[in-house]
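Below is one structure, written out as structure tokens, with a few remarks after it.
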Amino acid sequence: MNDKVITISIIGHRDLLPNHIDIIKKHLTKILQDIKDQHPNSLLRFMSPLAEGSDQLGAQVALALGFKLIVPLPMEQKNYLENFDENSKQMFQDMLLQANEHFIIKCHQCLSKEDYYLNVGKYLIQNSNLLLVLWDGEYSDKIGGTGYIMEHIHKLKATSFSLEKILHLITPRKSNPDIQRCFKIDEINITDE
């Protein structure tokens with residue numbers, strides 16, 4: 001990875017199981033601390049749209065470790081926060097205040113919220129050196145969701161010149177709590193087509 005600026009981004013499920021938060025946090029802390037240790041002279045940036053669940057948890061860990069927080073938003077805050085619960089809205093506002101930068105990703109062909117989520121996912125892939133994925137491993141046809149992005153990752157990463165690695169933390173979720181290999185970390189090969 002580049003020893004000047006390293007950008008780590010996160011995508012993942014919103015509906016994390018509350019009793020798994022601590023173990024997920026432990027894994028994220030180890031991953032980000034290892035990056036920090038390997039690149040002591042680099043500017044470390046963590047990009048997160050601060051959605052509920054994975055995005056907010058990743059940003060929380062990154063801030064605690066001293067990463068610069070960059071927040072690309074898929075749409076205007078008012079619309080984005082419509083489906084957040086009150087606690088997540090407050091976390092969003094608190095972390096946005098700690099961000100070094102935040103901005104809205106333009107989307108000229110977006111017709112639905114799902115299109116906006118896919119657009120921000122593409123942005124993260126195109127502008128990251130490392131993508132962290134907190135995902136149950138189930139592909140989905142829900143446009144903009146983690147399963148959809150991972151099903152189309154080879155096509156989406158084709159426009160990225162900086163993405164070097166994808167780390168997948170196998171993460172159960174409320175809608176899929178019983179999965180195999182929970183909390184194992186897989187490196188996804190991004191060179192195969």
Intermediate values then yes/no, side chain to side chain contact (heavy atoms under 4.5 Å, CB included), Gln93 and Leu81: CA-CA 10 Å; Gln93 297 296 345; Leu81 296 176; 3.5 Å; yes

Taking every non-hydrogen atom, the tightest pair across Leu132 and Phe46: CD1-CE1, 4.1 Å

Transitive ILVMFWY side-chain link Ile170 to Ile188, under 4.5 Å: no

Closest approach of Pro172 to Leu16 (non-hydrogen atoms, all atoms of both residues): O-CD2, 4.3 Å

Worked check of side chain to side chain contact (heavy atoms under 4.5 Å, CB included) between Asn127 and Ile70: CA-CA 11 Å; Asn127 292 281; Ile70 311 301; over 6 Å; no

Note, Ile166 side chain near Lys157 side chain (heavy atom, < 4.5 Å): no

Lys68 atom NZ, neighbour heavy-atom count above 12 within 6.0 Å: no

Donor-acceptor contact present, side-chain Gln56 to main-chain Ser88, <3.5 Å: yes

Mutual orientation of the aromatic rings belonging to His168 and Trp135 [parallel < 30°, tilted 30-60°, perpendicular > 60°]: tilted

Heavy-atom side-chain proximity of Leu156 to Tyr148 below 4.5 angstrom: no

side-chain contact (heavy atoms from CB on, under 4.5 Å), paired with Leu169, selected from Val133, Asp186, Ile24: Ile24

ILVMFWY network linking Leu96 to Phe84, side-chain heavy atoms under 4.5 angstrom: yes

Hydrophobic cluster membership, Leu17 vs Ile23, 4.5 Å side-chain cutoff: no

Residue pair Cys110 / Asn119: nearest heavy atoms and the distance that separates them: SG-CB, 4.2 Å

From CG (Leu32) to CG (Leu65), nearest 0.5 Å: 6.0 Å

Spatial distance of atom CD1 (Ile11) from atom CG (Leu131) [nearest 0.5 Å]: 5.0 Å

Evaluation steps, salt bridge (charged side-chain N to carboxylate O under 4.0 Å, His left out), between Lys30 and Asp34: CA-CA 6 Å; Lys30 176 156 182 18; Asp34 286 350; 2.9 Å; yes

Sidechain-backbone polar pair: Ser160 side chain, Ile125 backbone, donor-acceptor under 3.5 Å: yes

ILVMFWY cluster, Leu44 and Ile31 together (side-chain gap under 4.5 Å): yes

Pair Asp37-Gln33, side-chain donor/acceptor within less than 3.5 Å: yes

Ile149 vs Leu124 side-chain heavy atoms within contact, under 4.5 Å: no

Side chain to side chain, Asn79 and Tyr116, heavy atoms closer than 4.5 Å: no

Straight-line distance of Ile8 CD1 to Lys165 NZ, nearest 0.5 Å: 10.5 Å

Side chains of Ile6 and Leu130 in contact at under 4.5 Å (non-hydrogen atoms): no

Shortest non-hydrogen contact from Ala59 toward Leu50: CB-CD2, 3.5 Å

Backbone N/O of Ser128 and side chain of Ser162: donor-acceptor pair under 3.5 Å: yes

Side chain to side chain contact (heavy atoms under 4.5 Å, CB included) between Asp115 and Ile143, worked out: CA-CA 7 Å; Asp115 292 335; Ile143 295 172; 4.2 Å; yes

4.5 Å side-chain heavy-atom contact, Ser140 and Met150: no

Asn129 side-chain N/O to Thr7 backbone N/O, donor-acceptor pair under 3.5 Å: yes

Side chain to side chain contact (heavy atoms under 4.5 Å, CB included) assessment of Lys26 paired with Phe183: CA-CA 10 Å; Lys26 182 178 172 184; Phe183 309 115; over 6 Å; no

Smallest separation among heavy atoms of Asp55 and Pro49, with atom names: OD2-CD, 3.3 Å

Rounded distance (nearest 0.5 Å) linking atom CZ of Arg45 with atom CG of Leu69: 10.5 Å

Reported CD-to-CG distance for the pair Gln109 and Leu118, which is rounded to 0.5 angstrom: 11.5 Å

Neighbour count >12 (heavy atoms, 6.0 Å) for atom CZ, Phe161: no

Smallest separation among heavy atoms of Tyr80 and Pro74, with atom names: CE1-CG, 3.4 Å

Rounded distance [0.5 Å steps], OG in Ser48 versus CD in Gln60: 11.0 Å

Transitive ILVMFWY side-chain link Ile104 to Met95, under 4.5 Å: yes

Note, Val120 side chain near Leu73 side chain (heavy atom, < 4.5 Å): no

His13: which of Arg173, Glu138, Glu52 passes side chain to side chain donor-acceptor pair (under 3.5 Å): Arg173

Heavy-atom side-chain proximity of Gln77 to Phe92 below 4.5 angstrom: yes

